[in-house]
Amino acid sequence: MYETWEELEASIKQCNKCKLCQNRTNIVFGTGNKQAKVMLIGEGPGADEDKEGIPFVGKAGQLMNKALAGLGLNREELYIANIVKCRPPSNRVPEEDEANACLDYLRNQVLLVKPSIIVLLGSTALKNILGKEYGITSARGTWIEKKGIFYMPTWHPAALLRDENKKIEFWNDLKEVKKKMQEFI
Ligand code: URA
Ligand code: SF4
């Protein structure tokens, strides 16, 4: 556990704890408000994120940003990070050893931000944070409280690009998040 953001980021920049270090251009640390009430957790960097070092800047991210903006949830008010900080080849799902190697960094980020609400974007985030027994199709859209943090699992933004119906559900889930935020002002 690092007490400062600088130490944490510096250690990730040099990290070679898993094989994903071999092909990265940039680590994708995380971005946003370091005192955010709401944290968003994705899966891992894609090609655009690897190039820029910033999460959710590609096509899926732009769609997510539009939904957030539509609800008056400014990206800058939130903190956004991923399960793995280095891009998996061909955007495959992070393997168990990779996710496990990287999770301490995310836990450290959660400890520093101290969010009240965590939005889990897709199956990889859900299973690695809350447990393998959860499935995204049945868990999405429902609040799960653990150790004082409210978790909202929802679709990964990339899934919205493939299925229009999921856009509506994603929107509804974010609306729930917006509502719940009022409890923590
Ligand atoms: N998909 C993710 O899960 N995270 C990103 O940062 C970009 C795309
Ligand atoms: Fe280290 Fe995480 Fe990158 Fe693996 S994905 S090399 S654990 S920073």
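Computed over heavy atoms, backbone and side chain alike; hydrogens, waters and symmetry mates excluded. Both counts, for ligands and for their atoms, begin at 1 and track the order of listing.
With sequence neighbours excluded, no residue forms a salt bridge (charged side-chain N to carboxylate O under 4.0 Å, His left out) with E96.
Residue G44 places a heavy atom under 4.0 Å from ligand 1. By the 4.0 Å heavy-atom criterion, V28 is excluded from the residues contacting ligand 1.
Put simply, the side chain of E176 never gets that close to the backbone of N172: no donor and acceptor are under 3.5 Å apart. Although no hydrogens or angles enter the test, the distance criterion places a donor-acceptor pair under 3.5 Å between the side chain of N33 and the main chain of Q35. Distance alone, capped at 3.5 Å, places no donor-acceptor pair between the K166 side chain and the W155 backbone. Judged purely by atom type and a 3.5 angstrom limit, D48 has no side-chain atom pairing as donor or acceptor with the backbone of V57.
L126 and A139 make their closest contact through CD2-CB, 4.0 Å (heavy atoms, listed as atom of the first residue, atom of the second, distance).
Inclusion of E49 in the set of residues having an N or O under 3.5 Å from an N or O of ligand 1 is not warranted. The shortest N or O to N or O distance between P55 and ligand 1 is not under 3.5 Å.
Put simply, F29 and L121 are part of the same group of oily side chains (I, L, V, M, F, W, Y) that touch within less than 4.5 Å, one to the next.
Counting only non-hydrogen atoms, the option in R87, E43, K85, H156 that gets closest to atom 1 (N) of ligand 1 is H156.
When only non-hydrogen protein atoms are considered, atom 4 (N) of ligand 1 lies nearest to N82 OD1, 2.8 Å.
The salt bridge (Lys or Arg N to Asp or Glu O under 4.0 Å) test with E98 is passed by exactly one of R24, K85, R87, K19: K19.
Excluding waters, the set of protein N, O or S atoms lying under 2.8 Å from atom 3 (Fe) of ligand 2 comprises C86 SG.
Within the 4.5 Å cutoff, the side chain of L63 has heavy atoms near those of the K167 side chain.
In the vicinity of G42, heavy-atom distances shorter than 4.0 Å reach the ligand 1 atoms 3 (O).
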